[in-house]
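See below for the structure under consideration.
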Number of protein chains: 2
Amino acid sequence: MDRKDRQIIRALQRNGRMTNQDLAESVNLSPSPCLRRLRNLEASGAIRGFTVDADPVAYGLPITAFVQVRLERHNEETVRQFEQRVTCLDEVQECHMLTGGTDYLLRVVVAGLDAYEDFIRNRIHPIGGIGSIDTSFVYGTVKKTGVYPMIG
Amino acid sequence: MDRKDRQIIRALQRNGRMTNQDLAESVNLSPSPCLRRLRNLEASGAIRGFTVDADPVAYGLPITAFVQVRLERHNEETVRQFEQRVTCLDEVQECHMLTGGTDYLLRVVVAGLDAYEDFIRNRIHPIGGIGSIDTSFVYGTVKKTGVYPMIG
DNA sequence: ACCTTTTTGGCATAATATGCCGAAATCCTA
DNA sequence: TAGGATTTCGGCATATTATGCCAAAAAGGT
């Protein structure tokens with residue numbers, strides 16, 4: 001992972017579907033070595049994959065919520081059960097383990113407030129072992145970028 | 001935005017760089033109308049862009065933090081100033097406005113704990129008008145997907 | 001300075017995207 | 001439900017792009 005690899009990543013974070021020729025030009029390489037670097041970044045896991053940034057409202061998911069979850073107990077079985085079940089829920093876009101007061105932070109997308117109530121009651125609570133849930137709804141996004149800061 | 005458009009979005013969320021021919025096959029269309037739908041989704045804003053999912057650790061950003069920010073006052077000038085300044089900070093990958101106890105939730109990536117301290121002291125605090133900052137570091141990610149749940 | 005290893009650039013071929021056309025399907029109205 | 005208008009589709013020709021291979025240049029070590 002040298003300076004050129006980071007340039008390639010940043011260029012693709014700005015436009016993940018740009019052609020290899022444009023990518024090569026933007027990092028001052030000819031197409032051949034540029035494509036080889038890209039494939040190496042994929043093979044090494046530095047590039048996990050490519051995605052599309054779709055407007056959730058246009059898609060039909062107008063509600064985004066951040067959900068802070070605390071477990072009742074932290075024995076292995078409770079933790080394992082929670083993580084395994086949460087991974088299977090399509091509404092959960094992310095689930096992170098956090099330092100501080102809460103154990104997990106989830107980002108959840110749903111079609112409406114009624115769908116959110118259904119999600120909490122019939123998807124989350126049945127998992128069991130949950131101590132507390134604290135929901136914050138997103139009512140505006142000031143910034144959203146996938147471009148990492150420059151290094152070196 | 002019909003069923004096929006949502007299929008296209010979900011397919012591209014799984015692999016944003018798949019060829020139009022593979023995409024067409026996965027949604028049971030021939031390449032021509034599939035590409036036309038894709039271009040329409042881009043033009044309408046339903047598709048905002050394409051990105052690469054890069055491993056921040058491999059890139060050189062091992063620390064990810066969620067930062068909850070409350071402002072001292074909520075007059076227009078304080079809010080405008082905060083949002084304008086935060087948008088310019090490369091370490092800030094996301095900034096959302098939230099219901100509940102905190103005004104803003106930021107996702108921040110940095111090269112280390114010292115870089116985080118520098119970020120808070122020399123980038124965030126100088127903005128002014130900030131009431132409180134509550135940082136939670138990510139020490140594990142249970143799930144991270146860009147694929148929306150199926151609708152219809 | 002020499003040799004080894006790695007990375008690069010160019011080229012030929014295969015795969016893909018793009019734009020345009022007529023045909024099929026869908027939708028609206030009577 | 002029949003008719004006509006509108007939308008969406010599939011196929012084809014052309015232009016653009018990706019891929020794999022080889023020799024040359026650059027980088028690194030002794």
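Quick note on labels: first sequence line is chain A, next is B, and so on, each numbered from 1.
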| Between the base of C:dG10 and the side chain of A:Ser30, is there any donor-acceptor pair under 3.5 Å? |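 No.
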
Spacing of [X] atom [atom1] relative to [N] atom [atom2], expressed in whole Å:
X: A:Arg17; N: D:dT17; atom1: CZ; atom2: C1'; value: 13 Å
X: A:Asp2; N: D:dG28; atom1: CG; atom2: P; value: 10 Å
X: A:Asn40; N: C:dT6; atom1: CG; atom2: P; value: 12 Å
X: A:Glu42; N: D:dA18; atom1: CD; atom2: C1'; value: 13 Å
X: A:Gln21; N: C:dC11; atom1: CD; atom2: C1'; value: 13 Å
X: A:Asn20; N: C:dT16; atom1: CG; atom2: P; value: 15 Å
X: A:Lys4; N: D:dA27; atom1: NZ; atom2: C1'; value: 14 Å
X: A:Leu38; N: D:dT17; atom1: CG; atom2: P; value: 16 Å

| What is the ring orientation for B:Tyr104 with B:Phe82, classed by angle as parallel under 30°, tilted 30 to 60°, or perpendicular over 60°? |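 Geometry flag for B:Phe82 against B:Tyr104: tilted rings.
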
| Using 30° and 60° as the class limits, which term best fits the ring planes of A:His96 and B:Phe66: parallel, tilted or perpendicular? |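 Ring orientation, 0 to 90° scale: tilted.
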
| said: Please determine whether a side-chain nitrogen of the Lys or Arg among B:Asp2 and B:Arg37 lies less than 4.0 Å from a carboxylate oxygen of the Asp or Glu. | reply: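 Salt bridge: yes.
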
| request: Check whether any side-chain nitrogen or oxygen of A:Arg39 sits under 4.0 Å from OP1 or OP2 of D:dG20, and answer yes or no. | output: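 A:Arg39 to D:dG20 OP1/OP2: no side-chain N or O under 4.0 Å.
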
| message | Does C:dT6 have OP1 or OP2 under 4.0 Å away from a side-chain N or O of A:Arg36? | response |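 A:Arg36 to C:dT6 OP1/OP2: no side-chain N or O under 4.0 Å.
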
Between [options], which nucleotide gets closest to the side-chain atoms of [X]?
X: B:Leu35; options: D:dT17, C:dG9, C:dA17; value: C:dA17
X: B:Ser32; options: D:dG11, C:dT16, D:dA18; value: D:dG11
X: A:Arg37; options: C:dT7, C:dT16, C:dG10; value: C:dT7

| Can you tell me how far the CD1 atom of A:Ile124 sits from the CZ atom of A:Arg121, to the nearest 0.5 Å? |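 Spacing of CD1 (A:Ile124) from CZ (A:Arg121) equals 14.0 Å.
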
| request: Find which nucleotide of DNA chain C each of A:Cys34 and B:Asp22 is nearest to by heavy atoms, and output the residue with the more 5' nucleotide. | output: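 Its nearest nucleotide lies further toward 5', so the answer is A:Cys34.
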
| message | As a test of understanding, state which of B:Glu83, B:Glu76, B:Glu77 forms a salt bridge (Lys or Arg N to Asp or Glu O under 4.0 Å) with B:Arg80. | response |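 Testing each of B:Glu83, B:Glu76, B:Glu77 against B:Arg80, the sole residue satisfying salt bridge (Lys or Arg N to Asp or Glu O under 4.0 Å) is B:Glu77.
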
| task | Under 4.0 Å between any heavy atoms, over every strand shown, what does B:Thr19 touch: base, sugar-phosphate, or nothing? Just pick one. | result |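 Sugar-phosphate contact only.
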
